[in-house]
Amino acid sequence: MDLLPLFQSFEATAVGTIVRESLWLFPVIECGHLLALALLGGSMLVVDLRLLGLGLTAQPIPQLAARAHPWMLAAWAGIIATGIPMFLSEAVKCYYSPPFWYKIGLLVLASVYTFTVRRRVTAQPQPRLGALTALASLTLWGGVGFAGRWIAFY
Amino acid sequence: MSPLPLIQQLDQTAGSIALRESILVYPLIETTHVLALCLFLGIIALLDLRLLGLGFQSVPVSQIAGRLLPIGLTGFALMTLSGLLLFYSGPLRAYGNIFFRVKMVLILLAGLNAVAFHYGIYKRIAAWDTQPVPPPRARLAGLASLILWCAIVICGRMQAYNWFEKPPGT
């Protein structure tokens, strides 16, 4: 199945056109994307570090995960909400960009993993394989950020 | 005395030219800068939210400042190192960029805010460590830090766009 026509129609959407034709809209959305990324980093790290036995080790894991969850959710929503208009503005470029496809694949994996496996593990006071859960989370989200930055280059 | 001659010289060094023309190393440094930002700024943001009384209120402030912040500071070291390399890859372009200049001033202000917090209200942390909403001076430090670092990220991102650069030959 050829997805190119679909991506061309993404780029032709009103939002895509407005963002593409504006001088400042893309950079401004990009700033929001970065700030949401930082918050996602913090709200993920605080729990992943705890699972690794680092950082807030005096805090019970389920409580810490519960406190971090709304911020993580807000950051995740912020990343998606700012990512979509940027994607729409250059969908055809993304179609031909290998890092874009890696990023989307990793993003789906990381999101599903975070809201299922990781959520369940962090609900337990003394999870088995907690460190492994954290390393997988750090690797997946680190990969999303890494691949995302390379869309600008390839 | 203007630092311009020195910057022009730095801009023409072999290392600087090699860095900005490299296909792999330059993107790798930028990626490091962004991922380190997640580590440092993410943890700073959590501390600021706690200082503002907006999040993690069941966690004592001293635990975030004492146990989490040092990990965040490794992110700061990575950001500084990658940032210096990014500057080295195009010193002349950075020097003439208004966002770069504003960013440097804001980083200085964020540093001063951190020092003032550390040697000010944080000296009496025992009195308010577990308070869900810290005293006004601590909240102010958190708010200032949050605003400054957001502005620093925005300046850093905007630095890549050349709206305010003079076209060559003018």
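Lettering follows sequence order; numbering is per chain, from 1.
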Trainee: Looking at every non-hydrogen atom in both residues, tell me the closest pair between M158(B) and P27(A) and how far apart they are.
Mentor: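 Heavy atoms of M158(B) and P27(A) come nearest at SD-CB, 3.7 Å.
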Trainee: Could you see if W150(A) belongs to whatever hydrophobic cluster contains Y96(A)? Use Ile, Leu, Val, Met, Phe, Trp, Tyr and a side-chain cutoff under 4.5 Å.
Mentor: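 W150(A) clusters together with Y96(A).
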Trainee: Quick check for you: among E30(A), R50(A), M44(A), which has the greatest number of heavy-atom pairs under 4.5 Å with chain B?
Mentor: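 Option with the top pair count is E30(A).
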Trainee: Check whether L73(B) and L146(B) end up in the same hydrophobic cluster, where Ile, Leu, Val, Met, Phe, Trp and Tyr are linked by side-chain heavy atoms less than 4.5 Å apart.
Mentor: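 Yes.
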Trainee: Do Y161(B) and I18(A) sit in the same hydrophobic cluster, where Ile, Leu, Val, Met, Phe, Trp and Tyr count as joined when their side-chain heavy atoms come under 4.5 Å apart?
Mentor: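 Yes; I18(A) is reachable from Y161(B) via cluster members.
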Trainee: Does any part of the side chain of F56(B), heavy atoms only, come nearer than 4.5 Å to the side chain of V46(A), both counted from C-beta?
Mentor: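 Yes - at least one pair of side-chain heavy atoms lies under 4.5 Å apart.
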Trainee: Quick one: which residues of residues 103-133 of chain A reach chain B at under 4.5 angstrom, heavy atoms only?
Mentor: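 Interface residues of residues 103-133 of chain A: none, nothing closer than 4.5 Å to chain B.
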Trainee: Does I154(B) reach the side chain of V28(A), with side-chain heavy atoms less than 4.5 Å apart?
Mentor: no
Trainee: At under 4.5 Å between heavy atoms, what parts of residues 13-25 of chain B are in contact with chain A? List them by residue number.
Mentor: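 Counting heavy atoms that sit under 4.5 Å from chain A, the residues of residues 13-25 of chain B involved are I23(B), L24(B).
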Trainee: For the interface with chain A, which of S58(B), P60(B), G55(B), G72(B) has the highest count of heavy-atom pairs at distances below 4.5 Å?
Mentor: S58(B)
Trainee: When rounded to the nearest 0.5 angstrom, what distance separates CG in L35(B) from CG in L37(A)?
Mentor: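 Reported to 0.5 Å precision, the distance equals 7.5 Å.
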Trainee: Could you state whether V92(A) and F26(A) fall into the same hydrophobic cluster, counting links through intermediate Ile, Leu, Val, Met, Phe, Trp or Tyr residues with side-chain heavy atoms under 4.5 angstrom apart?
Mentor: yes
Trainee: Could you have a look at T32(B), V153(B), L41(B), L46(B) and say which one has the most heavy-atom pairs with chain A under 4.5 angstrom?
Mentor: L46(B)
Trainee: Please determine, among L54(B), V34(B), V59(B), I64(B), the option with the most heavy-atom pairs under 4.5 Å with chain A.
Mentor: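 Answer, by heavy-atom pair count under 4.5 Å with chain A: V59(B).
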Trainee: Between atom CG of L39(A) and atom CG of L49(B), what is the distance when rounded to the nearest 0.5 Å?
Mentor: 7.0 Å
Trainee: Quick one: of A38(A), S43(A), G41(A), who has the most non-hydrogen atom pairs under 4.5 Å with chain B?
Mentor: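 Ranked by heavy-atom pairs under 4.5 Å with chain B, first place is A38(A).
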Trainee: Based on non-hydrogen pairs under 4.5 Å, which of I43(B), I44(B), L28(B), L69(B) is most in contact with chain A?
Mentor: L28(B)
Trainee: Is there any residue in residues 139-148 of chain A with a non-hydrogen atom under 4.5 Å from a non-hydrogen atom of chain B, and which ones are they?
Mentor: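 Residues in range: G142(A), G145(A), F146(A).
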Trainee: Below 4.5 Å, heavy-atom pairs only: which of G42(B), P27(B), A45(B) has the largest tally toward chain A?
Mentor: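 Between G42(B), P27(B), A45(B), the count favours P27(B).
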Trainee: Measuring heavy-atom distances to chain A, does Y26(B) have an atom under 4.5 Å in its side chain, in its backbone, in both, or in neither?
Mentor: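 Only the side chain of Y26(B) comes within 4.5 Å of chain A.
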Trainee: Can you say whether L39(B) sits under 4.5 Å from chain A via the side chain, the backbone, both, or neither, judging by heavy atoms?
Mentor: both
Trainee: Roughly how far, to the nearest 0.5 Å, is CG of L49(A) from CZ of R67(B)?
Mentor: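 One finds 11.0 Å between CZ of R67(B) and CG of L49(A).
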Trainee: Look at atom OH of Y95(B) and say whether more than 12 heavy atoms of other residues, nucleotides or ligands are closer to it than 6.0 Å.
Mentor: yes
Trainee: At a 4.5 Å cut-off on heavy atoms, which part of L45(A) comes close to chain B: side chain, backbone, both, or neither?
Mentor: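 For L45(A), the contact with chain B is made by the side chain alone.
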Trainee: Please output the residues of residues 52-87 of chain A in contact with chain B, using a heavy-atom cutoff of under 4.5 Å, in numerical order.
Mentor: L54(A), G55(A), L56(A), T57(A), A58(A), Q59(A), L64(A), R67(A), A68(A), W71(A)
Trainee: Answer yes if I151(A) and L3(A) sit in the same cluster of Ile, Leu, Val, Met, Phe, Trp and Tyr residues linked by side chain heavy atoms under 4.5 Å apart, and no otherwise.
Mentor: yes
